[in-house]
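Owing to the predicted nature of the structure, the values given are computational and were not obtained by experimental measurement.
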Amino acid sequence: MKAWRFYAFGDMRLDDIELGPCPPDHVLVEPMVVQPSVTEAQLAFGIPTLAYENIKSRLETDAPIQLFGHEFCARILEVGSEVSGYAPGDRVAARAKLPCGDCSMCNSERGTDCRTGPIIGFQLPGCFAERALLPAISLVKVDDRISDSEAATLQSLSDSIAGVETAQIRPGDSVAIFGQGSMGIESMQAARACGAGQLITVDVRDEACQLSLELGADRAINARKDDPVEAIRALTGGEGTDVVFECAGGSVKQGLAGDQALKQAMHAVRSGGKLVGVSWFGAPLQLDVDLLRERSLRYLFPDISSQAHLEYTVQLVATGRISMKPTIRHILEGIDKVPEAFEITANKGKYQAINPAQVVLAQ
Ligand SMILES: [Zn+2]
């Protein structure tokens, strides 16, 4: 079968490789639609972010290696002898990060806090290939009401649902979201689905502001035109919102906000409120911790999504309570187009993309 393998940063090739037999607790799938995550797209070009050092050293010692491809919709072709609940023909998506099943976290039913289990597309081969073998424990069935294209966004969306649960949003809480890229729009819609009150979004692109209004934001602030901290305070009686999600930070070269949005977010949340850090920065930051302390701010980081989050995400999309379709602007046809999807996703600003670019591998 054909599979994309990395020989170095920026050097991916479509190789013919052998796939082994299906292990008893796995399924064999045919990927139908797959998209690089933003992190994967940045790593593909050697841009420092999450897991950069790990991927760098593996490329230096083990290349060529199959990397990435945990955001997908796939069709099951074969199920392992110990797998129940799935059958050939089922469409599935998966959570990326799996529990190891063996550590004290996993043994106390806190598997989402386990950091030793494998990640699909990193320690396990992902879906930038004609076939993939996936652990059945990672899977969720895709509801018939969800298209292949939207199904490929479920994994990412389930992380945003986990982030909203981390924030413990209460009914009516006011929420601001900095950045209306894919994670920002997901977080906004997830917050709305989970009972948030006033929803205020911030971006520097008119088009992204417009889209967030169409998908349920009450107000959208273009930070190039208005000071977002002043605007958010004006909309919340001078206090700031109960919760702020910071989804805009990261490499300025890739069109992200550096640490500017985080600094603004710290002033846009009310005293005693919660700041949820969704962005990856790829480098250490200087942070005014005394400001956090003085204002009793809770600076939280999202939990990794669980099976329950993924199943709930399927329900939210199947019933139309969350819509990802308007965020998908680039759908490419055929396995040859995978590098183009990485290029677009690593440079979303340049290509006016919101969701990562998708590739249709099969129908
Ligand atoms: Zn574990």
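Residues Gln42 and Tyr52 bring no donor and acceptor atom of their side chains to less than 3.5 Å of each other. The closest side-chain donor-acceptor pair between Gln198 and Ser174, if any, does not fall under 3.5 angstrom. A donor-acceptor pair shorter than 3.5 Å cannot be found between the side chains of Glu340 and His330. Under 3.5 Å, the side chains of Arg95 and Gln307 contain a donor-acceptor pair of N or O atoms. Side-chain contact, Ser108 with Arg110: no donor N or O sits under 3.5 Å from an acceptor N or O. No hydrogens or angles considered: a donor-acceptor pair under 3.5 Å links the side chains of Glu186 and Ser156. Side-chain contact check for Asp206 and Asn222: at least one donor-acceptor pair (N or O, by modelled atom type) lies under 3.5 Å. Judged by distance alone, the side chains of Asp159 and Ser305 do bring a donor and an acceptor atom under 3.5 Å apart. Side chains of Thr313 and Ser158: no donor on one and acceptor on the other come within 3.5 Å.
Contact annotation: the side chain of Leu235 approaches that of Arg219 to within less than 4.5 Å [non-hydrogen atoms, C-beta and beyond]. With a 4.5 Å cut-off on side-chain heavy atoms, Asp242 and Arg270 count as touching. For the pair Val34 and Gln358, the minimum side-chain heavy-atom distance is 4.5 Å or more.
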Asp218 vs Ile200, test: side-chain contact (heavy atoms from CB on, under 4.5 Å). Steps then yes/no. CA-CA 6 Å; Asp218 297 300; Ile200 306 166; 5.9 Å; no
For the pair Phe68 and Phe6, evaluate ring pair (Phe, Tyr, Trp, His ring centres under 6.0 Å) and give the outcome as yes or no after the intermediate values. CA-CA 10 Å; Phe68 311 140; Phe6 280 82; 5.3 Å; yes
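Heavy atoms from other residues, nucleotides or ligands lying under 6.0 Å from CD of Glu130 number more than 12.
A single hydrophobic cluster is seen to contain both Val142 and Ile322, as judged by linkage of ILVMFWY side chains at heavy-atom distances under 4.5 Å, directly or through other members. One hydrophobic cluster, built from ILVMFWY side chains closer than 4.5 Å, cannot hold both Leu28 and Met32; they sit in different ones.
Each of Phe9, Phe45, Trp4, Phe128 was compared with Phe342 under the ring-ring contact (aromatic ring centres under 6.0 Å, His included) criterion, and only Phe128 meets it. Test Asp90, Leu310, Val92 against Leu139 for side-chain contact (heavy atoms from CB on, under 4.5 Å) and you get one pass: Val92.
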